[in-house]
Amino acid sequence: MILSLFRNPPKKSATLKAERSFDVAGRVVPLRIMENPRATRLTLRIDAGGKGLRMTVPPGIPAREIDKFLARHEGWIETRIAKMPDQPKVRPGVKIPVRGIPHLIVHEPAKRGTVRQEEGPDGPLLIVCGERPHLSRRVGDFLKREARRDLEMLVARHTATVGRRAKAVRFKDTKSRWGSCTSDGTLSFSWRIMMAPPPIINYLVAHEVAHLKEMNHGPKFWKLCGELCPDTDRCKAWLKRNGSALQAIDFS
């Protein structure tokens, strides 16, 4: 059996079979069980920050088989969750990366405006104006605006190279994937990618634009992806290694 972590989320045809709690490592986490008609085995994904578990199962599988699977791999699940980074909350005094560079969040409630970047005596700052309850949302909105600007520019560059047009470019806060490309050419990206270094941002866009020509992950796809982003292997490894920490940051 294969446990699928951070990858291969349930396909769109999946339907909710059950929703319950699972006790692991002294924590009670939500467990969503999705039934997929194309599934041939049980797969499990741990949400960013260890906040929940998602399981994909073949149709009609008995509940006892699901329980046996979870019991067999409880130690594995506990180990993976224990290794996950803490879930930092966006607040004054903490640092979050912007294009890979840590920025100290400074709150200036008396000043007008939203969010701006400045260079402080000890490094880059992210100045957030307005009332305290809106601070984390404003930081998230700032990253969304930056993502729209940078990623739309990269999409235009890479689509011109491959000779294909994107039907639309959308931005979401997805927890299971960084980007996607639909069969009609709609590209979607997680705005959280703006916390990653520029080469990683470029790789993500190159990856999804390559799907406009190759809707798979076969040799032709990876060849095209490498042509658009020569650092594909390194960037792919970086995102696999560090992506969960970025997705665990709490903007609520």
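Every heavy atom of this structure was used, including side-chain atoms; hydrogens, water molecules and symmetry mates were not.
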So how far is it from [X] [atom1] to [Y] [atom2], rounded to the nearest 0.5 Å?
X    : Y    : atom1 : atom2 : value
E108 : R116 : CD    : CZ    : 5.0 Å
L53  : L70  : CG    : CG    : 7.5 Å
L187 : E152 : CG    : CD    : 10.5 Å
L126 : I101 : CG    : CD1   : 12.0 Å
K111 : T114 : NZ    : OG1   : 13.5 Å

State whether the number of non-hydrogen atoms from other residues, nucleotides or ligands found under 6.0 Å of [X] atom [atom1] is greater than 12.
X    : atom1 : result
R112 : CZ    : no
R64  : CZ    : no
D173 : CG    : yes

If the threshold is 4.0 Å, N to carboxylate O, is there a salt bridge linking [X] and [Y]?
X    : Y    : value
K220 : E214 : no
D122 : K95  : no
E146 : R99  : yes

Are the side chain of E208 and the backbone of F189 linked by a donor-acceptor contact shorter than 3.5 Å?
no

Run through R137, R138, R145 and flag the one making a salt bridge (Lys or Arg N to Asp or Glu O under 4.0 Å) with D141.
R137

Angle between ring planes, H73 versus F69, binned at 30° and 60°: parallel, tilted or perpendicular?
tilted

Can you give me the closest heavy-atom contact between V128 and H107, atom names plus distance?
O-CD2, 3.2 Å

Does anything in residues 218-252 form a ring pair (Phe, Tyr, Trp, His ring centres under 6.0 Å)? List the pairs, not counting sequence neighbours.
W191-F251, H207-F221, H207-W222, H211-F221, H217-F221, H217-W222

